[in-house]
Protein chains: 2
Amino acid sequence: MSRVVFYTATTLDGFLADPDDSLDWLMRQEQDHQGALNYEEFIAGIGALVMGSTTYEWVRDNLERSGEAWPYELPTWVMSSRDLPAVEGADLRFARGDVRAVHAAMLEAVGGPAGKDLWVVGGGDLAGQFADAGLLDEVVVYVAPVVLGAGRPLLPRRLDLELLEATQNKAFVAARYRVLGPLAEDRPA
Amino acid sequence: MSRVVFYTATTLDGFLADPDDSLDWLMRQEQDHQGALNYEEFIAGIGALVMGSTTYEWVRDNLERSGEAWPYELPTWVMSSRDLPAVEGADLRFARGDVRAVHAAMLEAVGGPAGKDLWVVGGGDLAGQFADAGLLDEVVVYVAPVVLGAGRPLLPRRLDLELLEATQNKAFVAARYRVLGPLAEDRPA
């Protein structure tokens with residue numbers, strides 16, 4: 001069953017990036033790359049990616065600065081209402097509007113509902129749009145030992161989750177959640 | 001060594017309460033009361049409490065509604081710039097201004113630096129004031145499997161923490177952190 005997974009790092013107080021989109025607080029943390037919920041095992045199960053324009057531009061700017069190549073071999077949808085320059089060597093599909101159409105196209109790319117999982121790279125509002133459509137299955141977080149007090153919100157919605165696993169991975173708490181849907185208090189009686 | 005500990009529940013996205021100060025999302029979660037970082041063991045090590053006015057009024061209102069008695073036997077400082085009505089049977093000391101003076105008075109109440117720990121009950125800004133003064137030693141969080149997108153912030157500061165332990169306690173991730181101080185990126189070079 002192809003699941004939609006929001007796999008991300010966050011601060012303890014729920015920010016994906018600081019107000020200037022800096023990830024310096026994240027990059028200096030230690031992790032065990034073979035440990036719980038590690039990226040290598042995660043990405044092996046993924047067939048397609050989707051990211052918002054802010055995330056895309058952050059990755060693109062960082063690659064430009066570092067001179068590194070686009071890090072993903074998988075087809076990647078970029079949601080943006082603006083026309084954005086592409087990155088050489090990246091398998092990009094620009095899209096806008098309803099995430100349901102994007103989800104359908106991504107599913108097709110992985111060979112249908114029995115295919116590999118789909119990764120919502122970020123940001124939080126894009127993950128929220130998938131949740132709004134009832135399409136977000138899991139949230140996997142690496143919680144960095146940092147509070148920022150302000151920044152880009154993790155998942156700006158009211159949702160109930162179910163904790164599936166939680167372990168320490170060096171500096172991080174690594175936790176995996178199933179998305180249950182709207183907060184119980186918000187559901188019609 | 002008497003430590004100052006901010007022991008609290010939070011959502012995965014770092015809110016202590018929803019925008020209406022509701023904790024309904026918290027009260028319905030399952031926990032193992034004998035499990036990791038449980039309240040009974042925690043409170044056994046505590047000698048005095050301090051809370052902000054919003055937290056105090058929340059507790060007071062809930063006791064009035066439920067008819068229950070004040071739940072803490074320990075001396076409790078309430079930080080408020082306003083005069084607040086007391087709760088019968090509670091050992092309350094109202095205070096305002098610098099948390100350093102309050103900390104000194106609390107230390108004296110527990111018999112000095114070798115005494116029991118001090119509990120910052122909430123809210124987040126009060127914990128932040130202790131951190132600003134270099135007086136916040138630990139943060140212990142029960143992370144509920146919920147995102148709210150808005151509400152009362154956990155700890156509205158930029159701080160580096162160090163993860164000391166993390167385990168699942170039923171619905172929650174229970175994690176304990178040492179407070180290291182201002183975020184590395186904000187410290188003078």
Side-chain angles (χ1 to χ4, degrees), chain A residues 6 10-16 18-20 22-30 36 124-125 127-128 131 139 141 143-151 153-180 182-186, chain B residues 6 10-16 18-20 22-30 36 124-125 127-128 131 139 141 143-151 153-180 182-186:
Chain A
F6 181 33
T10 175
T11 67
L12 178 60
D13 58 343
F15 297 106
L16 301 178
D18 91 353
D20 304 321
S22 166
L23 296 182
D24 292 344
W25 54 270
L26 174 62
M27 297 310 181
R28 62 180 159 80
Q29 306 294 341
E30 276 190 66
D125 192 71
V139 176
V141 282
V143 183
V146 160
V147 289
L148 287 174
L154 171 62
L155 186 43
R157 295 295 188 279
R158 289 166 64 91
L159 296 171
D160 272 326
L161 311 174
E162 179 191 352
L163 181 61
L164 299 176
E165 56 179 303
T167 37
Q168 181 165 355
N169 181 313
K170 298 262 185 171
F172 296 88
V173 175
R176 190 165 67 91
Y177 294 90
R178 180 183 294 131
V179 178
L180 300 180
L183 204 68
E185 289 73 25
D186 298 341
Chain B
F6 181 32
T10 176
T11 68
L12 178 60
D13 58 343
F15 297 107
L16 301 178
D18 91 354
D20 303 321
S22 168
L23 295 182
D24 292 345
W25 54 270
L26 173 62
M27 296 310 180
R28 61 180 161 79
Q29 306 293 343
E30 276 191 67
D125 191 71
V139 176
V141 282
V143 182
V146 160
V147 288
L148 287 174
L154 171 62
L155 187 43
R157 294 296 189 279
R158 291 166 64 91
L159 297 171
D160 273 326
L161 311 174
E162 179 192 352
L163 181 60
L164 300 175
E165 56 178 303
T167 37
Q168 181 165 356
N169 181 315
K170 298 263 187 174
F172 296 88
V173 176
R176 189 165 68 91
Y177 295 90
R178 180 182 295 130
V179 177
L180 299 180
L183 205 68
E185 289 73 25
D186 298 341

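Chain letters run A, B, ... following the sequence lines, proteins first, then strands; residues in each count from 1.
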Residue part contacting chain B, namely of F15(A), when any heavy atom lies under 4.5 Å: neither
D20(A) side chain vs S22(A) backbone, donor-acceptor pair below 3.5 Å: no
Sub-4.5 Å side-chain heavy-atom contact between T167(A) and F172(A): no
Under 4.5 Å from any heavy atom of chain A - which part of L12(B): both
Largest heavy-atom contact set with chain A, pairs under 4.5 Å, which of E165(B), Q168(B), K170(B), R178(B): Q168(B)
Step-by-step side chain to side chain contact (heavy atoms under 4.5 Å, CB included) determination, L161(A) to V179(A): CA-CA 5 Å; L161(A) 311 174; V179(A) 178; 4.0 Å; yes
Donor-acceptor pair, side chain of D13(A) and main chain of L148(A), under 3.5 angstrom: yes
Under 4.5 Å from a heavy atom of chain B, the part of R28(A) involved: side chain
Largest heavy-atom contact set with chain A, pairs under 4.5 Å, which of V139(B), D186(B), T11(B), D160(B): D160(B)
Between E162(A), R158(A), Q29(A), the one whose heavy-atom pairs under 4.5 Å with chain B are most numerous: R158(A)
Portion of L16(A) that has a non-hydrogen atom of chain B nearer than 4.5 angstrom: neither
Criterion side chain to side chain contact (heavy atoms under 4.5 Å, CB included) on Y177(A) and L164(A), from CA distance to verdict: CA-CA 5 Å; Y177(A) 294 90; L164(A) 299 176; 5.8 Å; no
Considering all heavy atoms, the nearest L163(B)-A175(B) contact: CD1-CB, 4.1 Å
Heavy-atom proximity to chain A below 4.5 Å, by part of A171(B): backbone
Shortest non-hydrogen contact between A174(B) and A36(B), atoms and distance: CB-O, 4.1 Å
Side chain / backbone / both / neither for V141(A) at chain B, heavy atoms under 4.5 Å: side chain
Region of L154(A) that comes under 4.5 Å of a non-hydrogen atom in chain B: side chain
